[in-house]
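Please read the structure below before turning to the comments.
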Amino acid sequence: MDSRFANGSSVGTVVPQRWKFAAPFKLQSGDILPSFELVYETYGELHSGRDNAVLVCHALSGSHHAAGLHADDESPGWWDSCIGPGKPIDTDKFFVVCVNNIGGCHGSTGPASTNPRTGEPYGPEFPSVTVKDWVHTQAMLAHGIGIRRFAAVVGGSLGGMQAMQWAIDFPDRVEHAILVACAAKLSAQNIAFNKIARSAIHADPCFEQGQYKARGRFPSVGLRLARMLGHVTYLSDGAMGSKFGREIKQGDPEQGADVEFQVESYLHYQGERFSKRFDANSYLLITRLLDCFDPAREFGDDLVVTLSETLCRFLVISFTSDWRFAPERSDEIVDALVRAGRPVTSAVIDSPHGHDSFLLYSPRYFEVLGEYFQRMARDCSS
Amino acid sequence: MRTDLRLIASTINDRARVLDLGCGDGELLAHLAESKRVVGLGVEIGEKQINKCIARGVAVVEHDLNQGLKRFPNDSFDMVVMASTLQALFRPNLLLGELLRIGEECIVTFPNFGHWRIRAQLTFNGRMPESTHLPHKWYDTPNVHLCTFRDFEELCRQMRIRIIERFVLGTKGESGWHLNRFPNLLGATAFYRLGRAS
């Protein structure tokens, strides 16, 4: 049966906004960003009581463009399925903010931006950033645009990690943290996949130790490989099987050498597309940031202690076929919250689409998310 | 609210930490949160039930009770409630022990299989009993471990579980002296408040 949140409408045409922090900002690493800019989008109206703001955090390859359409582009935002009037994150009720994080490559300050000190692109000299840095810059932006407190901070995958960090670092500024297809830290296997992806970029002769931009080159082969590998981990064996099976795109399997399977063509296309819209230095930086995310590190490696000072309510959603951040990884978070005595709701959604499930429509997923936001909306207005 | 739930609610202290196993649509926990400022957590496996909990604002963890309760640490709740769920478990005895590891006390309710109407259906019709409390056919019932007042009390004895309180409810949820006189014959629903052996 379809979810009643399946047939919402689009937020329409959206225009990204910019927000500049002109003073030096000290990163977790100790390095200083002389200044930074954030690109963000908003959907819906902020109530006069300012109690209906929702922060949507993007994952590895996402951006501030979460919903609606840009005037010059035909493809909608990365979470358009979920955000809009009548959708789970209902923009008739909530004021939704989505920020492109620093270190990214969609307009916010990152490796491709000009370093004001040198007048050259930062390139590989861009300082390493952490999820904490992201969350703190988001909080500064929120303050800048008049949002003291978020009704919810929500994200999938790396986005969920930001929601968790929000709950830990700003307990009184977030009412609900919604973590979808998330983990409290990466496993050795997760890090291993990231390592291979980075190695592919490093091995590209056009990489030029990260100085490719200054030398007029771009490591698109490496970035393409990195993305192809990533894609394999985002899908499940079953999803790939039902989508492509062993279907042949061209050639004769009897002959072997010239044959191309559909799945190959798909990966090639995805890699190609990605290498045109993403920056290699950003990819290196963000996969590193993922590897290093571990909020429990500063609490004696104890996730229960880490989460015990949070004040928000949690919703933790995972998907049965997700093997990148499997339901067991979400359970670790749920169990720690239970042990910490914090209010948590969890749902394990039966979905065949692997890690990508968090971006896609499935009836129960939308029911859970939609019902949760509807309840929040009732609490906001009462 | 269901009579056994109302009775449970009346037994629970203000501001208690309550774990409700098989919490259904969250009615009890929502009521307790409102009337007694109870900090509750539900455990449920039914998708529709979980959605109803979410709509009520009740915190609920999706979990299969038949997987055990290792997720819940010792002494983490003041009261563990398991209403009309015992009979649907694969290993009710194992779970019963877990309840009193997690909570100081627990409340267990279940349909009494010794009720005279059930006995009569088996005796006179020779058919598996059905009732308002046990509406399923024998082949699709979730209730795989039915028991009577006597059976349950025998298990408590064996497991050295202390029975603090017992209520006997009739078919319409009513109580009365005759029910207490012949619980195993006249009681439709059993209500027990249990504690660890002193």
Side-chain angles (χ1 to χ4, degrees), chain A residues 1 3-5 88 151-152 175-178 302-304 308 310-320 327-328 330-351 362-380 382, chain B residues 15-27 29-30 32-34 36-81 98-99 101-104:
Chain A
M1 205 179 69
S3 160
R4 66 199 159 101
F5 301 103
E175 221 149 314
H176 296 265
I178 301 173
D302 189 333
L303 192 59
V304 179
S308 59
T310 61
L311 296 172
C312 64
R313 299 174 74 90
F314 285 82
L315 172 63
V316 181
I317 299 176
S318 59
F319 302 93
T320 49
E328 293 74 28
S330 283
D331 283 349
E332 289 168 19
I333 301 169
V334 174
D335 291 353
L337 286 165
V338 169
R339 281 169 194 271
R342 303 308 312 152
V344 55
T345 290
S346 74
V348 185
I349 311 290
D350 203 356
S351 157
S362 69
R364 188 177 174 222
Y365 174 35
F366 273 40
E367 277 298 305
V368 167
L369 203 57
E371 202 68 77
Y372 198 89
F373 271 93
Q374 291 294 317
R375 172 71 201 189
M376 271 171 46
R378 288 199 291 279
D379 290 344
C380 284
S382 65
Chain B
R15 294 173 183 274
R17 294 168 304 161
V18 177
L19 179 66
D20 187 354
L21 302 173
C23 66
D25 61 9
E27 191 181 15
L29 287 176
L32 286 172
E34 204 163 296
K36 299 197 168 181
R37 283 176 289 178
V38 152
V39 185
L41 179 65
V43 175
E44 186 46 65
I45 187 128
E47 297 180 6
K48 288 197 177 114
Q49 307 281 55
I50 289 172
N51 272 353
K52 285 181 185 164
C53 289
I54 291 173
R56 287 182 197 267
V58 166
V60 58
V61 169
E62 179 167 337
H63 176 80
D64 180 0
L65 295 178
N66 286 320
Q67 302 292 319
L69 293 171
K70 286 200 191 77
R71 307 178 72 159
F72 302 95
N74 297 355
D75 299 304
S76 47
F77 290 89
D78 301 313
M79 181 68 88
V80 181
V81 175
E98 286 284 88
L99 301 196
R101 172 183 68 75
I102 298 163
E104 180 81 29

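Residue numbers begin at 1 in each chain, while the letters A, B, ... track the order of the sequences.
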Self-check item: Flag, side chain of Arg71(B) to backbone of Val334(A), donor-acceptor distance under 3.5 Å
Solution: no
Quiz item: Arg364(A) and Ile50(B): side chain to side chain contact (heavy atoms under 4.5 Å, CB included), yes or no, with the steps?
Solution: CA-CA 11 Å; Arg364(A) 188 177 174 222; Ile50(B) 289 172; 3.7 Å; yes
Exercise. Would you mind checking which part of Val39(B) comes under 4.5 Å of any heavy atom in chain A, side chain (CB onward), backbone (N, CA, C, O), both or neither?
Key: neither
Quiz item: Do you know which of Ala59(B), Gly40(B), Ser76(B) has the most heavy-atom pairs under 4.5 Å to chain A?
Solution: Ala59(B)
Self-check item: Asp335(A) CG to His63(B) NE2 distance, which is reported to the nearest 0.5 Å
Solution: 9.0 Å
Practice problem: Taking the side chain as every heavy atom from C-beta outward, state whether Val61(B) and Thr345(A) have any pair of such atoms under 4.5 Å apart. | Solution: no
Self-check item: Proximal component of Val348(A), with respect to chain B [non-hydrogen, under 4.5 Å]
Solution: both
Exercise. May I ask you to check whether over 12 heavy atoms, not counting those of Arg4(A), lie within 6.0 Å of atom CZ?
Key: yes
Quiz prompt | Glu367(A) portion near chain B, given a 4.5 angstrom heavy-atom threshold | solution = both
Quiz prompt | Interatomic distance, Cys53(B) atom SG to Arg375(A) atom CZ [nearest 0.5 angstrom] | solution = 11.5 Å
Quiz prompt | Distance-minimising heavy-atom pair for Arg378(A) and Ala55(B) | solution = NH2-O, 2.8 Å
Exercise. Side chain from CB out, backbone as N, CA, C, O: work out which of these in Asp350(A) comes under 4.5 Å of a heavy atom of chain B, or both, or neither.
Key: neither
Practice problem: Examine whether an atom of Lys48(B) lies under 4.5 Å from a heavy atom of chain A, and if so say whether it belongs to the side chain, the backbone or both; otherwise answer neither. | Solution: neither
